[in-house]
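Structure record follows, encoded as structure tokens.
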Amino acid sequence: MRQSQSFGQTLREAPGDAEVASHQLLLRAAYIRQIGSGLFSFLPLAYRSIKKIENILREEIDAIGGQEILMPVVHPADLWKETGRWFEIGKELARFQDMGGRDMVLAMTHEETIGDLTHKEIRSYRQLPQLIYHIQTKFRDEARPRAGLIRTREFTMKDSYSLDADYEGLDRQYRNHYQAYFNIFNRVGLPVIAVKSDVGMMGGSLAHEYMYLTPIGEDTLIVCDSCGYSSNRQVAVFRKPEAPVEEALPAEKVATPGTKTIEALAQFLGIPSSRTGKAVFFTATFVNKDESSGTETRYDRLVLAIVRGDMEANETKISNAVKAVELRPAQTEEIRAAGAVPGYASATGINALVLVDDLVSRTPNLVVGANEEGFHLKNVNYGRDYTADIVADIAAANGGEPCVNCGEPLRASRGVEVGNIFKLGTKYSEAFGANFLDKDGQSKPVIMGSYGIGSGRLLACVAEEFRDKDGLMWPVSIAPYHVHLVMLNSNNPVVSETAERLYRELRKAGLEVLFDDRSEATPGVKFADSDLLGMPLRLVVSDRSLKTNSIEFKQRSQSERQSVPVEESVSKARSVIDMLFAELQAQVVPVPYKD
RNA sequence: CGGGGCGUAGCACAGCCCGGUAGUGCGCUUGCUUUGGGAGCAAGAAGUCGUAGGUUCGAAUCCUAUCGCCCCGACCA
């Protein structure tokens with residue numbers, strides 16, 4: 001490509017509304033342009049990279065048996081009503097009506113269309129297993145898009161779906177993806193870790209997220225540097241301290257005026273906060289589905305969660321424990337309406353679903369609220385003085401706690417989710433009656449998994465990781481072009497003839513070349529643009545270099561320059577690019593599966 | 001959805017408090033001179049000051065409403 005003809009102009013300054021480095025650089029280097037909140041156009045350079053990412057995705061998914069298909073972005077709402085997600089998902093699911101007044105949705109993901117296809121195509125265990133995938137636009141009307149391409153509303157995702165006759169088959173496909181995803185990230189050079197995650201709106205039994213660790217990330221991860229345990233904070237577990245072994249003492253009501261917080265209470269009584277129980281209220285939304293009429297009704301219920309006073313409640317764990325479709329902190333009026341006294345609440349005598357952390361249930365002689373303004377109860381014991389509807393691990397890990405595996409302190413880190421894999425099970429196949437006949441002639445639901453990687457977010461993460469103060473530094477595998485051929489002194493016919501010849505011959509050697517043939521730009525502008533655009537290898541043809549009959553080579557990631565005789569420059573460029581590919585390929589190694 | 005900030009030329013911003021000719025730098029066009037790290041000189045083009053309404057002789061500036069964008073949080077396969 002001749003730069004004199006290329007579409008899109010580099011910017012000397014970043015637009016003011018870009019804060020994150022990758023966003024600023026992609027804008028400045030004319031890779032992307034914003035059209036609205038969370039809506040971006042990909043200009044030619046970015047789109048070349050995106051296509052390379054997509055091809056890597058295709059190669060790795062094909063390698064584990066994938067077959068590429070394409071499903072529409074616009075779906076009849078009926079499909080989403082079948083699975084219930086039409087009702088469960090809030091405003092982020094974009095809905096509209098077609099000409100005939102039929103409800104339609106813009107796809108956030110494609111489990112519904114896969115469920116429908118599976119129902120239509122799969123009859124027999126002989127047709128299983130299957131792995132199908134597509135690369136398609138999704139739309140999620142996010143409340144807050146952010147950080148350029150990191151979180152957009154419209155985005156393109158490679159999503160694959162596995163169909164199996166049994167759970168062993170699902171496990172095999174899940175593990176295949178586990179490794180294939182590492183291969184994909186390694187091929188673009190992006191360092192990631194796989195962490196266990198919440199299944200969220202997807203449902204299912206097990207999920208991993210692939211996280212790129214970066215301070216700009218929006219997820220919090222809990223990792224163990226010692227044994228490698230890693231988890232999204234939403235579901236992170238940790239080794240809880242042993243409960244003290246004590247005789248249960250008689251319960252006793254004590255006046256504790258003005259102690260609405262745990263800190264105040266502990267100080268007032270002169271005890272550590274670990275000897276208290278912390279009561280936190282949430283309002284959970286549940287859905288009741290009437291199978292006969294197919295109608296769904298939603299209702300709210302107050303949830304009281306009790307964790308030890310020195311710990312925090314984890315909303316995701318609570319939501320999962322009570323199986324709510326939605327959970328939010330309760331408002332004071334809702335708490336009072338249930339007969340509870342905020343600041344002095346107890347588990348007894350109130351109208352709420354009571355959820356107690358497992359550590360709390362084992363801990364004797366706690367101090368908890370008396371459900372009376374200004375009073376607490378001492379020496380409260382689970383079973384004797386109160387009970388719970390559910391006992392579960394609902395405490396949040398914040399970093400610093402002992403690792404559940406090895407006991408070493410955990411560490412909190414920020415990350416961006418660049419991929420995820422889910423064991424869905426039969427949620428979607430059951431919703432669509434996607435059954436098959438097994439060997440014994442029995443009808444069984446197809447067992448599904450789903451697996452996603454967003455191409456634009458991946459591009460942004462790579463840009464975030466590989467850059468310096470002057471610009472982007474693409475890994476060769478997804479660089480828009482391999483070589484940036486920069487011509488200075490174009491008014492010298494020897495220079496321009498040499499540059500033109502190199503442009504032809506480099507391409508003949510199979511290299512992708514961006515040719516800065518602009519005659520009006522000064523050397524300074526050309527060097528600055530070259531650094532900004534970030535191709536892996538830069539070749540400079542100039543008066544100066546031709547005086548020694550050579551071409552100047554410089555890798556974007558290195559500071560040294562090298563003079564290469566003109567006649568050797570094509571083969572030298574070829575070998576440098578081959579070497580860069582080989583370096584990336586060397587990182588593609590088997591990764592032990594971690595459950 | 002809660003909190004905060006910002007909308008003035010393609011980009012970055014000043015002007016607004018205190019109403020009175022719409023500005024600066026970069027970029028863009030033309031010409032000449034330049035050519036190894038964002039050149040110089042000269043001459044140009046380009047903005048209904050987000051939108052609507054109000055106050056006023058007069059509004060980028062004051063008032064009201066509204067739309068958009070960004071950041072923090074909530075939410076989020």
Side-chain angles (χ1 to χ4, degrees), chain A residues 8-20 23-24 27-28 30 33-39 85 88-93 107-112 114 138-148 150-153 155 157-161 197-204 207-210 216 218-219 232 234 315-316 319 326-329 331 416-424 427-428 449-454 457 470-471 486-492 495 518-532 538 540-547 552 554 561:
Chain A
Q9 204 179 20
T10 58
L11 306 174
R12 199 153 171 172
E13 290 170 289
D17 48 12
E19 279 199 357
V20 171
H23 187 196
Q24 292 184 344
L27 286 170
R28 284 188 51 209
R33 292 290 180 250
Q34 184 166 2
I35 192 175
S37 181
L39 303 171
R85 295 208 286 188
E88 288 166 18
I89 298 176
K91 287 197 290 188
E92 63 268 29
L93 176 63
M108 304 175 72
T109 170
H110 284 79
E111 280 77 17
E112 274 74 7
I114 284 286
K138 320 282 181 229
F139 186 80
R140 296 181 188 177
D141 204 354
E142 303 269 6
R144 192 157 99 77
R146 60 178 290 275
I150 297 288
R151 183 156 154 140
T152 57
R153 294 194 292 172
F155 59 99
M157 183 166 85
K158 185 287 303 170
D159 38 330
S160 35
Y161 301 88
S197 69
D198 183 47
V199 295
M201 79 169 183
M202 301 296 289
H208 283 86
E209 291 170 340
Y210 291 77
I216 65 159
E218 47 193 350
D219 288 281
N232 195 305
Q234 293 177 320
E315 286 192 34
T316 305
S319 181
E326 212 179 294
L327 191 80
R328 58 173 173 81
Q331 289 163 2
V416 175
E417 179 187 349
V418 288
N420 57 36
I421 56 179
F422 285 86
K423 285 190 178 179
L424 293 177
K427 170 175 174 176
Y428 295 92
S450 88
Y451 317 85
I453 291 181
R457 179 180 283 186
D470 296 318
V486 177
M487 168 171 64
L488 309 182
N489 324 108
S490 62
N491 51 353
N492 177 342
V495 170
R518 294 175 296 176
S519 54
E520 71 284 0
T522 59
V525 169
K526 292 190 173 205
F527 286 129
D529 273 350
S530 182
D531 288 342
L532 180 60
R538 185 183 79 195
V540 177
V541 187
S542 67
D543 280 344
R544 187 200 280 185
S545 74
L546 290 185
K547 269 188 198 135
E552 179 190 288
K554 179 177 175 299
R561 302 161 190 212

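Residue numbering restarts at 1 for every chain, and letters A, B, ... go by the order of the sequence lines. Small disclaimer: the values here were computed from a predicted structure and weren't measured.
Of the listed nucleotides (U35(B), A74(B), C70(B)), U35(B) has the atom at the smallest distance from the side chain of Asn491(A). If you check G36(B), C75(B), U35(B) against the side chain of Arg151(A), the one that comes closest is C75(B). Here the nucleotide nearest the side chain of Glu92(A), chosen from G36(B), C71(B), C76(B), is C76(B). Distance from the side chain of Arg561(A) is smallest to G36(B) among G36(B), C28(B), C75(B). Among G37(B), C76(B), G36(B), the nucleotide with an atom closest to any side-chain atom of Glu142(A) is C76(B). Here U35(B) is the nucleotide among U35(B), C76(B), G27(B) with the atom lying nearest to any side-chain atom of Pro523(A).
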Between N or O atoms, less than 3.5 Å apart, protein on one side and nucleotides 8-12 of chain B on the other: list the pairs.
from, atom 1, to, atom 2, distance (Å)
C11(B), O2', Glu13(A), O, 3.4
A12(B), OP1, Gly16(A), N, 2.4
A12(B), O4', Glu13(A), OE1, 3.4
A12(B), O2', Glu13(A), OE2, 3.2

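Remark: the separation of the C1' atoms in G20(B) and G58(B) is 7 Å, to the nearest Å. G10(B) sits 34 Å from G73(B) when the C1' atoms are compared, rounded to a whole Å. For the P atoms, the distance from U64(B) to C17(B) is 15 Å, rounded to whole Å.
One finds no side-chain N or O of Arg144(A) lying less than 4.0 angstrom from the OP1 or OP2 phosphate oxygen of A74(B). Neither OP1 nor OP2 of G37(B) sits under 4.0 Å from any side-chain N or O of Lys526(A). Residue Ser37(A) has a polar side-chain atom (N or O) positioned under 4.0 Å from OP1 or OP2 of C70(B). The phosphate of C72(B) (OP1 or OP2) has a side-chain N or O of Arg146(A) nearer than 4.0 angstrom. Look at Thr522(A) and you'll find a side-chain N or O under 4.0 angstrom from OP1 or OP2 of A39(B).
Here U34(B) presents its P atom at 14 Å from CG of Asn489(A), a figure rounded to the nearest Å.
Phe155(A) comes within 4.0 angstrom of a base, heavy atoms only. Looking at heavy-atom distances under 4.0 Å, Arg538(A) makes contact with a base.
Nearest heavy-atom pair across Arg518(A) and Lys526(A) is O-NZ, 2.5 Å.
Not counting sequence neighbours, the partners of Tyr210(A) by the ring pair (Phe, Tyr, Trp, His ring centres under 6.0 Å) test are Tyr181(A), Phe182(A), Phe185(A).
The base-pairing partner of A74(B), taking Watson-Crick or G-U wobble contacts with both distances under 3.5 Å, does not exist among the strands shown.
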